[in-house]
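Report on the structure given below.
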Amino acid sequence: MDTQQHRTPASTPPPRQSHPVESSSAILIPFLSFLAIAAVFLIPSSLPSVLHQVPEGHVGVYWRGGALLKTITDPGFHIKMPFLTHYEPVQVTLQTDQVTDIPCGTKGGVMISFGKIEVVNRLSKKFVYETLLNYGVDYDKTWIYDKIHHEINQFCSSHSLQQVYIDVFDQIDEKMKDALQVDCTRYAPGIEIISVRVTKPTIPDSIRRNFEQMEEERTKVLIAIEKQKVSEKEAETVKKMAISEAEKNANVSKILMEQRLLEKDSSRRQEEIENAMYLAREKSLADADFYRVIKEAEANRLKLTPEFLELKFIEAIANNTKIFFGEKLPNMILDQRLLGNFLQEVSRGEALKMKK
């Protein structure tokens with residue numbers, strides 16, 4: 001007591017007495033937390049796991065006492081009640097379900113088998129509760145695995161082997177996708193069918209050999225057709241080359257003919273021009289000669305006077321060097337009256353012409 005009184009200053013008030021219940025709670029909570037952590041990390045095999053992890057691309061779904069809870073958790077760590085609550089991760093991203101060994105009978109009664117069919121699908125997150133409530137965690141068994149078997153058998157029973165194996169095989173993927181999606185949309189709207197991949201079915205060996213022989217014959221026919229097409233193309237090419245060569249020669253001949261025609265036309269025009277020049281020149285010369293003759297005639301009319309004619313007559317007589325001998329000379333030479341009568345007739349004719 002002396003020691004405690006010595007340590008406590010005189011001015012310090014007496015300590016507050018706490019309630020026994022508060023002290024117990026403050027001690028119990030850390031103790032229980034420690035026990036829970038120890039149970040999770042130190043002794044997980046002795047008690048069911050309380051802490052669980054939801055992987056990425058999944059959601060956590062819970063059952064309590066066998067009843068599905070509406071609680072849906074996102075990826076990450078979560079805590080559940082041990083023993084009472086059951087947990088399952090449900091994938092909500094794209095997943096591929098493989099359905100194998102699907103036997104079916106064709107329209108003709110031939111049994112064939114599809115080795116593998118892959119269905120790419122996805123469950124919408126907002127429809128997880130409704131889908132699992134109606135069809136359980138294995139919802140894809142009902143709407144994909146079993147549904148594929150049903151649809152494949154329906155398809156095979158309405159088609160022949162030739163159609164299933166060859167003719168309409170490329171349409172099976174889309175037909176299966178549409179058939180699955182129609183029923184899922186109607187009964188399980190949360191399931192989305194992305195695509196369906198169907199492998200080639202297995203058929204009996206004897207029939208397969210027949211198909212192989214048919215394919216070989218078809219290949220031979222196709223090869224022959226292609227060879228014929230090649231020959232036709234070669235013949236067509238030769239024909240086009242010949243036509244092209246003929247057209248080229250025809251064009252060259254046409255060009256040469258047009259050139260000759262142009263030359264002829266040029267020569268013709270040149271001759272026409274020369275002829276026109278010659279005609280014009282000759283016409284000018286003729287006009288000049290005509291004008292000269294007219295002028296000479298007019299000049300002669302002016303000259304043809306009795307006096308001028310008498311002068312010319314005398315000059316002509318004078319220039320005559322012939323000498324006549326005889327007893328009697330011709331009267332014409334010396335008869336002035338004959339000359340005068342002739343000159344008068346000429347003058348009278350000229351006057352009449354002038355009057356006209």
Side-chain angles (χ1 to χ4, degrees), residues 16-102 116-151 180-196:
R16 182 182 176 183
Q17 295 181 358
S18 58
H19 197 276
V21 178
E22 294 179 358
S23 300
S24 300
S25 299
I27 296 173
L28 183 60
I29 291 174
F31 180 72
L32 292 176
S33 300
F34 175 77
L35 289 179
I37 295 173
V40 172
F41 294 102
L42 299 179
I43 51 172
S45 59
S46 61
L47 294 174
S49 179
V50 176
L51 184 67
H52 63 281
Q53 180 186 9
V54 178
E56 190 65 44
H58 296 67
V59 294
V61 183
Y62 303 89
W63 288 262
R64 184 172 297 164
L68 178 66
L69 302 179
K70 291 187 177 181
T71 302
I72 305 295
T73 58
D74 294 326
F77 285 103
H78 300 279
I79 297 175
K80 68 180 180 66
M81 295 180 63
F83 298 107
L84 299 179
T85 304
H86 174 66
Y87 149 78
E88 286 289 344
V90 177
Q91 187 173 354
V92 291
T93 56
L94 292 179
Q95 60 179 344
T96 301
D97 295 331
Q98 294 186 358
V99 187
T100 59
D101 298 331
I102 309 171
K116 181 177 65 174
I117 296 179
E118 296 179 347
V119 181
V120 182
N121 61 92
R122 176 171 54 197
L123 177 61
S124 177
K125 184 177 179 180
K126 64 181 181 179
F127 288 98
V128 170
Y129 176 77
E130 289 81 358
T131 303
L132 268 64
L133 181 63
N134 294 325
Y135 308 108
V137 179
D138 297 329
Y139 64 90
D140 51 354
K141 182 180 184 304
T142 302
W143 293 111
I144 294 178
Y145 289 90
D146 296 342
K147 187 67 176 174
I148 278 291
H149 280 268
H150 173 72
E151 294 297 335
L180 293 177
Q181 188 63 67
V182 166
D183 287 343
C184 288
T185 303
R186 183 177 180 182
Y187 299 105
I191 303 174
E192 180 185 2
I193 306 299
I194 307 300
S195 64
V196 177

Approximate separation, where rounding is to 0.5 Å, of [X] [atom1] and [Y] [atom2]:
X	Y	atom1	atom2	value
L180	I193	CG	CD1	5.0 Å
I148	E118	CD1	CD	11.0 Å
Y187	Y135	OH	OH	8.5 Å
I194	L94	CD1	CG	5.5 Å
Y87	Q53	OH	CD	7.5 Å
K116	D101	NZ	CG	11.5 Å

- Can you check whether L123 reaches Y139 side chain to side chain, under 4.5 Å on heavy atoms? yes
- Query: Is there side-chain contact between Y145 and D140, with at least one heavy-atom pair below 4.5 Å?
  - Reply: yes
- Which pairs pass salt bridge (Lys or Arg N to Asp or Glu O under 4.0 Å) with one or both residues in residues 184-194, sequence neighbours excluded?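 Pairs touching residues 184-194 that pass the test: R122-E192.
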- Message: The test is side chain to side chain contact (heavy atoms under 4.5 Å, CB included); show your working for D183 and H150 and say whether it passes.
- Response: CA-CA 12 Å; D183 287 343; H150 173 72; 6.0 Å; no
- Partners meeting salt bridge (charged side-chain N to carboxylate O under 4.0 Å, His left out) with D146 (sequence neighbours left out):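 K141.
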Please tabulate, for the side chains in residues 61-76, all donor-acceptor contacts under 3.5 angstrom to protein atoms that are two or more places apart in sequence or on a different chain.
from : atom 1 : to   : atom 2 : distance (Å)
Y62  : OH     : H52  : NE2    : 2.7
Y62  : OH     : T73  : OG1    : 3.0
R64  : NE     : T85  : OG1    : 3.4
T73  : OG1    : G60  : N      : 3.4
D74  : OD1    : K125 : NZ     : 2.6

- Item | Shortest non-hydrogen separation from G190 to F127 and the atoms involved |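 For G190 versus F127, the nearest heavy atoms are CA-CB, 3.4 Å.
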- Task: Have a look at N121 and tell me which of Q95, Q181, Q91 forms a side-chain hydrogen bond (donor to acceptor under 3.5 Å, both in side chains) with it.
- Result: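 Only match with N121 under side-chain hydrogen bond (donor to acceptor under 3.5 Å, both in side chains): Q95.
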